[in-house]
Novice: 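Dropping the structure in here first, questions after.
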Amino acid sequence: MILYTVNSRVRYSELDETGHMGLPALLAWLQDSALFHSQDVGCGLQDFAQKGRIWVVSSWQLQIDRFPVFGEAFTVGTGAWDFRRAEGLRDFLFTSPNGTPWARAASTWTLISTETGRPVRATPEDTEPYGLIAPLPMERAPRRITLPSDLQPAGEVVIQPHHLDTNRHVNNGWYVQMALDALPEKPAVREVRVEYHRQARLGDTVLPFVGVTETGAAIDLRGEDGKSYARVLFFTK
């Protein structure tokens with residue numbers, strides 16, 4: 001089975017202050033390619049809404065060789081390589097039009113009941129339309145993120161309507177943007193890992209706690225109860 005692919009060009013609205021595609025925009029393209037894949041195999045948003053369940057991303061590991069600039073064409077390839085009970089494992093390859101790798105990613109998705117918000121076991125009807133690919137070659141990190149103990153508070157974010165997606169909770173890319181905004185300086189990110197713990201909703205307050213590591217930065221995005229919404233690691237080396 002080959003990768004499902006989407007082709008596009010870098011838009012001005014996707015640029016950061018350096019003139020390159022920003023990290024949240026790159027993650028958005030990965031997410032969108034997975035949703036396009038689902039739509040095209042008959043497992044789109046409306047299909048799953050009728051069934052009362054939907055796939056949501058629960059972890060990312062993204063390795064970046066190069067961020068493209070305005071107008072450059074690119075291809076996003078993606079495919080699932082395993083399904084385990086309520087989870088699906090999906091890889092991504094972000095390349096130039098001639099196939100030069102610019103980024104690669106591993107991700108975990110969880111099948112969630114839209115009624116209870118809890119994981120539900122996937123059935124063949126949920127998984128077989130995707131087929132399976134071979135896992136992409138990349139050095140894979142543990143899914144669970146361990147944070148330093150000396151994290152320091154770095155402001156707060158009150159969730160607004162523009163943070164929400166169709167599931168009425170914060171879209172996964174916003175957590176990465178919040179983590180970036182909590183840092184005193186924008187890092188030259190070469191790898192990012194994200195672990196999602198629970199869903200933030202309209203009106204919730206997200207409290208970033210930040211720490212510097214030998215390889216980059218660690219951010220714990222907590223609620224007012226002290227529990228994590230998401231944990232983010234940025235690697236610059």
Novice: Out of curiosity, Arg53 CZ to Arg121 CZ, how far, rounded to the nearest 0.5 Å?
Specialist: 13.0 Å
Novice: Measure the shortest side-chain to side-chain distance between Leu207 and Glu156 over non-hydrogen atoms and say whether it is less than 4.5 angstrom.
Specialist: yes
Novice: Between Asn171 and Gly173 (side chain of the first, backbone of the second, donor and acceptor by atom type, cut-off under 3.5 Å), is there such a pair?
Specialist: yes
Novice: Report the C-alpha separation of Leu132 and Phe83 in whole Å, then their side-chain angles, then the decisive distance to 0.1 Å, and conclude whether the side chain to side chain contact (heavy atoms under 4.5 Å, CB included) test is met.
Specialist: CA-CA 9 Å; Leu132 293 174; Phe83 292 98; 3.9 Å; yes
Novice: Do Val157 and Gln177 come within less than 4.5 Å of each other through their side chains, counting heavy atoms only?
Specialist: no
Novice: Indicate the atoms forming the closest heavy-atom contact of Ala134 with Trp81, along with that distance.
Specialist: C-CB, 4.3 Å
Novice: Evaluate the side-chain proximity of Glu191 to Glu139: yes if any heavy-atom separation is below 4.5 Å, no if none is.
Specialist: no
Novice: Is it possible for you to say whether Leu27 and Met138 belong to one hydrophobic cluster, with membership spreading through side-chain heavy-atom contacts below 4.5 Å?
Specialist: no
Novice: Decide if atom CZ of Arg85 counts as having more than 12 heavy atoms of other residues, nucleotides or ligands within a radius under 6.0 Å.
Specialist: no
Novice: Would you check, one step at a time, whether the test side chain to side chain contact (heavy atoms under 4.5 Å, CB included) holds for Val6 with Asp32?
Specialist: CA-CA 9 Å; Val6 178; Asp32 288 344; over 6 Å; no
Novice: Distance-only, no hydrogens or angles: does the Gln63 side chain make a donor-acceptor pair with backbone N or O of Gln61 under 3.5 Å?
Specialist: no
Novice: Between Arg104 and Asp65, is the closest basic N to carboxylate O distance under 4.0 Å?
Specialist: yes
Novice: Are Phe94 and Phe235 connected in a single hydrophobic cluster, I mean Ile/Leu/Val/Met/Phe/Trp/Tyr linked by side-chain heavy atoms less than 4.5 Å apart?
Specialist: no
Novice: Going by the angle between their ring planes, with limits at 30° and 60°, are Tyr12 and Phe70 parallel, tilted or perpendicular?
Specialist: perpendicular
Novice: Over 60° means perpendicular and under 30° means parallel, so classify the ring planes of Trp174 and His163, tilted if in between.
Specialist: perpendicular
Novice: Could you walk me through whether Trp55 and Arg90 pass the side chain to side chain contact (heavy atoms under 4.5 Å, CB included) test, one step at a time?
Specialist: CA-CA 11 Å; Trp55 290 104; Arg90 176 182 284 273; over 6 Å; no
Novice: Between the main-chain N or O of Gly88 and the side-chain N or O of Thr108, is there a donor-acceptor pair closer than 3.5 Å?
Specialist: no
Novice: Is a side-chain N or O of Ser113 found less than 3.5 angstrom from the main chain of Arg118, in a donor-acceptor match?
Specialist: no
Novice: With distance as the sole test, does Gln199 use its side chain to make a donor-acceptor pair with the main-chain N or O of His169 at under 3.5 Å?
Specialist: no
Novice: Shared ILVMFWY cluster between Leu15 and Val76, side chains joined below 4.5 angstrom?
Specialist: yes
Novice: Give a yes or no answer on whether the side chain of Arg193 reaches the backbone of Arg144 with a donor-acceptor pair at less than 3.5 Å.
Specialist: yes
Novice: Go through it in stages, so that I can follow the logic: the residues are Ser33 and Thr78, the test is side-chain hydrogen bond (donor to acceptor under 3.5 Å, both in side chains), and I'd like the CA-CA distance, side-chain angles, deciding distance and then a yes or no.
Specialist: CA-CA 7 Å; Ser33 69; Thr78 185; 4.6 Å; no
Novice: Show your reasoning for whether salt bridge (charged side-chain N to carboxylate O under 4.0 Å, His left out) applies to Glu14 and Arg11.
Specialist: CA-CA 5 Å; Glu14 296 170 328; Arg11 298 172 292 188; 2.8 Å; yes
Novice: Is there a side-chain contact between Arg140 and Asp91 in this structure, where contact means two heavy atoms from C-beta onward sitting under 4.5 Å apart?
Specialist: yes
Novice: Go through the steps for Tyr196 and Val56 under the test side chain to side chain contact (heavy atoms under 4.5 Å, CB included), then give the verdict.
Specialist: CA-CA 10 Å; Tyr196 300 98; Val56 297; over 6 Å; no
Novice: Any side-chain heavy-atom pair from Leu147 and Leu233 closer than 4.5 angstrom?
Specialist: yes
Novice: Considering only NZ, NE, NH1 and NH2 on the basic side and carboxylate oxygens on the acidic side, decide whether Arg198 and Asp204 come within less than 4.0 Å.
Specialist: no
Novice: Give the minimum heavy-atom separation between Val57 and Ser107, together with the two atoms involved.
Specialist: CG2-CB, 4.4 Å
Novice: Can you label the angle between the Phe92 ring and the Trp109 ring as parallel, tilted or perpendicular, going by 30° and 60°?
Specialist: tilted
Novice: Heavy-atom count check: over 12 atoms from other residues, nucleotides or ligands less than 6.0 Å from Gln46 CD?
Specialist: no
Novice: Any donor-acceptor pair under 3.5 Å linking the side chain of Glu195 with the backbone of Ile145?
Specialist: yes
Novice: Taking the six-membered ring for Trp, are the ring centroids of His37 and Tyr4 within less than 6.0 Å of each other?
Specialist: yes
Novice: Could you tell me the separation between the CD1 atom of Ile112 and the CD1 atom of Ile54, rounded to the nearest 0.5 Å?
Specialist: 10.0 Å
Novice: Please answer whether the main-chain N or O of Gly71 pairs with a side-chain N or O of Arg9 as donor and acceptor at a distance below 3.5 Å.
Specialist: yes
Novice: Using the rule that two of Ile, Leu, Val, Met, Phe, Trp, Tyr join whenever any of their side-chain heavy atoms come within less than 4.5 Å, decide whether Val212 and Phe234 are in one cluster.
Specialist: no
Novice: Side chains of Ile219 and Tyr175: closer than 4.5 Å at any heavy-atom pair?
Specialist: no
Novice: Does any part of the side chain of Lys186, heavy atoms only, come nearer than 4.5 Å to the side chain of Asp16, both counted from C-beta?
Specialist: yes
Novice: Within a radius of less than 6.0 Å around CZ of Arg168, do more than 12 heavy atoms belonging to other residues, nucleotides or ligands occur?
Specialist: no
Novice: Any side-chain heavy-atom pair from Trp102 and Thr95 closer than 4.5 angstrom?
Specialist: no
Novice: Is a side-chain N or O of Glu87 found less than 3.5 angstrom from the main chain of Arg84, in a donor-acceptor match?
Specialist: no
